[in-house]
2 protein chains.
Amino acid sequence: MKTGSATPRRAALSRELILRRALEMIDEAGVDALSVRRLATDLGVFPTALYYYLPTRDAVLRGVVETVLDEMDLAGASAGDWRERVKALCRALRQVGHAHPRLFPYLVSYPETTAQEYRIYEGLYRALEETGMPPARIVHAGNLIFSYATGFTLAEVNATIGPPTPAEADQMSALPAADFPATHRLAGEIRGLDLDTSFEAGMDAILIGLAAVVTTPVEPRREAGGDTGPERQAAGKDVERLSDPGREP
Amino acid sequence: MKTGSATPRRAALSRELILRRALEMIDEAGVDALSVRRLATDLGVFPTALYYYLPTRDAVLRGVVETVLDEMDLAGASAGDWRERVKALCRALRQVGHAHPRLFPYLVSYPETTAQEYRIYEGLYRALEETGMPPARIVHAGNLIFSYATGFTLAEVNATIGPPTPAEADQMSALPAADFPATHRLAGEIRGLDLDTSFEAGMDAILIGLAAVVTTPVEPRREAGGDTGPERQAAGKDVERLSDPGREP
DNA sequence: ACCTGAACACCGTTCAAGT
DNA sequence: ACCTGAACACCGTTCAAGT
């Protein structure tokens, strides 16, 4: 390392540094607030200096998206049975939204397929192959799971779902009772909504639905007792913890 | 109507006209391409004239989003059993994406809850109440369904899912076989993917999953024959048409 | 009430120039 | 190789003025 004296009053410019600062700015102020000029000022250079490393503002955004996706933690996705691996992938996607809520809407609307996306789908496909589903169904199931995880997280970071703010709660109360009876009946539950629970419940429902239509590989499973009537035991207070539907008749 | 002679060389300006043109411009060129100045030029007025009707560019976008949502066709959502009503709501959401693919990413990322969203959720809640689910589960199920429908459609308009373009197909073929075995095994299915089928399959899987965990109201159902082994009949060629899993043991 | 017109502070990007 | 510096065509928005 022969980088001489001349203490640099700022860190040396680089693609990585630019992308890192860009992500920080987006996290703080949103994608709209990211401008080439603000970014350059922040880095202590002239706006046009950035064009040496990245050709356009869009390229900066693309770089940021890829950086975030590449740092996704896919570790849990290779351990456990297929259900746990699918869940791990969904949770990893949701974590990205939590880590970078202001980037997430842009990230999920990003058209190009990145390498990381292929890895996510590969993980999904491998898990789903274990169920014995026919190939067509695996592809559909992959789309279902991916759509759910991104859609839920997007709604979450946009506060489209989730416990209402006081203002939204007032808005809800103001809905005419004649037109919105069900909403009013459920108002209490909506106010107390826990998003972690809701996300998990959705995944569980999906996995049950998927398992119900294929030859599930036989898992070690508990003795199913005298479960003979049309009444199903799952419809009780323990529904939050969904059980494996693959029990024999 | 006493609007005098003086043939106006352009239509009278109004909030509605501005929003209509704005939507057309977005449909043609995307949200980024919508500028107050372009819009004004297109309408034959000075840029600042628009500020008489709408206070900011964001207000224009908000108005466009609300217009599109309000024109959503929720007709089918009040006919049929709960499954058909849920499906009708999902299909209506997807239709919005198909009608305005370039607006859709912005629309689903729009933070404020609109009146139409409350109507969609009311429709979902009413349908789900029929299943006899406990209230907490209804709210979770609503989130699941809404997340899936928006997530799938978003992925669709962004071409994140769907049959790959020739370029993407090449990209896929280039993935190292050692790291992406499942993707390669499924390459044929992915190339031939039909998005309508996939969307319907996802909804069906969700509805089966939801129905499996509650006391389902007894529907007329066919006699289940000698279905006694661990092999399940659903795992065959007829899986595309998902069947009701609520058959007795 | 409805639109013009000038002005301000921003923006992405290009191109030539410096070292 | 890496950054400056001037310039261009855009942008949203404000504010005063016209009719």
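Letters A, B, ... are given to chains in the order of the sequence lines, protein chains preceding strands, and every chain is numbered from 1. Keep in mind that the numbers below use all heavy atoms, side chains included, and drop hydrogens, waters and symmetry copies.
- Distances were taken from every side-chain heavy atom of A:Ser35 (C-beta onward) to each of C:dG12, D:dT4, D:dC2; the shortest belongs to C:dG12.
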Inset, instruction - Go along nucleotides 14-19 of chain D 5' to 3' and tag each nucleotide: B for a protein heavy atom under 4.0 Å from its base, S when only backbone or sugar atoms are that close, - otherwise. - result: B-----

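- For the strand DNA chain D, secondary-structure stems (runs of at least three Watson-Crick or G-U pairs, all distances below 3.5 Å) span C:4-8 with D:12-16, C:12-16 with D:4-8.
- Looking at which nucleotide of DNA chain D each of A:Arg37 and A:Ala49 is closest to, the 5′-most match is held by A:Ala49.
- Aromatic ring orientation, B:Phe199 versus B:Tyr148: parallel (interplanar angle below 30°, classes split at 30° and 60°).
- Evaluation of the ring-ring contact (aromatic ring centres under 6.0 Å, His included) rule for A:Phe104 yields no partner, not counting sequence neighbours.
- Considering only side-chain N and O atoms, A:Tyr52 lies under 4.0 angstrom from the phosphate OP1 or OP2 of D:dC2.
- In terms of modelled atom types and a separation under 3.5 Å, the side chain of A:Arg57 and the main chain of A:Ser35 share no donor-acceptor contact.
- What separates CG of A:Leu34 from P of C:dC10 is a distance of 16 Å, to the nearest Å.
- Within residues 22-30 of chain B, no residue is approached by DNA chain C to less than 4.0 Å at the level of any non-hydrogen atom.
- Applying the salt bridge (charged side-chain N to carboxylate O under 4.0 Å, His left out) definition to pairs two or more places apart or across chains, those involving residues 17-35 of chain B are B:Arg21-B:Glu24, B:Arg21-B:Asp42.
- Residue A:Arg57 is classed as a sugar-phosphate contact, given heavy-atom separations below 4.0 Å to backbone atoms only.
- Residues A:Met172 and A:Thr183 meet the side-chain proximity criterion, which asks for heavy atoms closer than 4.5 Å.
- Checking A:Thr114 against A:Glu66 by side-chain atom types alone, no donor-acceptor pair falls below 3.5 Å.
- Every residue was checked against the ring-ring contact (aromatic ring centres under 6.0 Å, His included) condition with B:Tyr106, not counting sequence neighbours, and none meets it.
- Between B:Leu50 and B:Val60 the shortest side-chain heavy-atom distance does not fall below 4.5 Å.
- Rounded to an integer number of Å, the gap from CG of B:Leu50 to C1' of C:dG5 is 15 Å.
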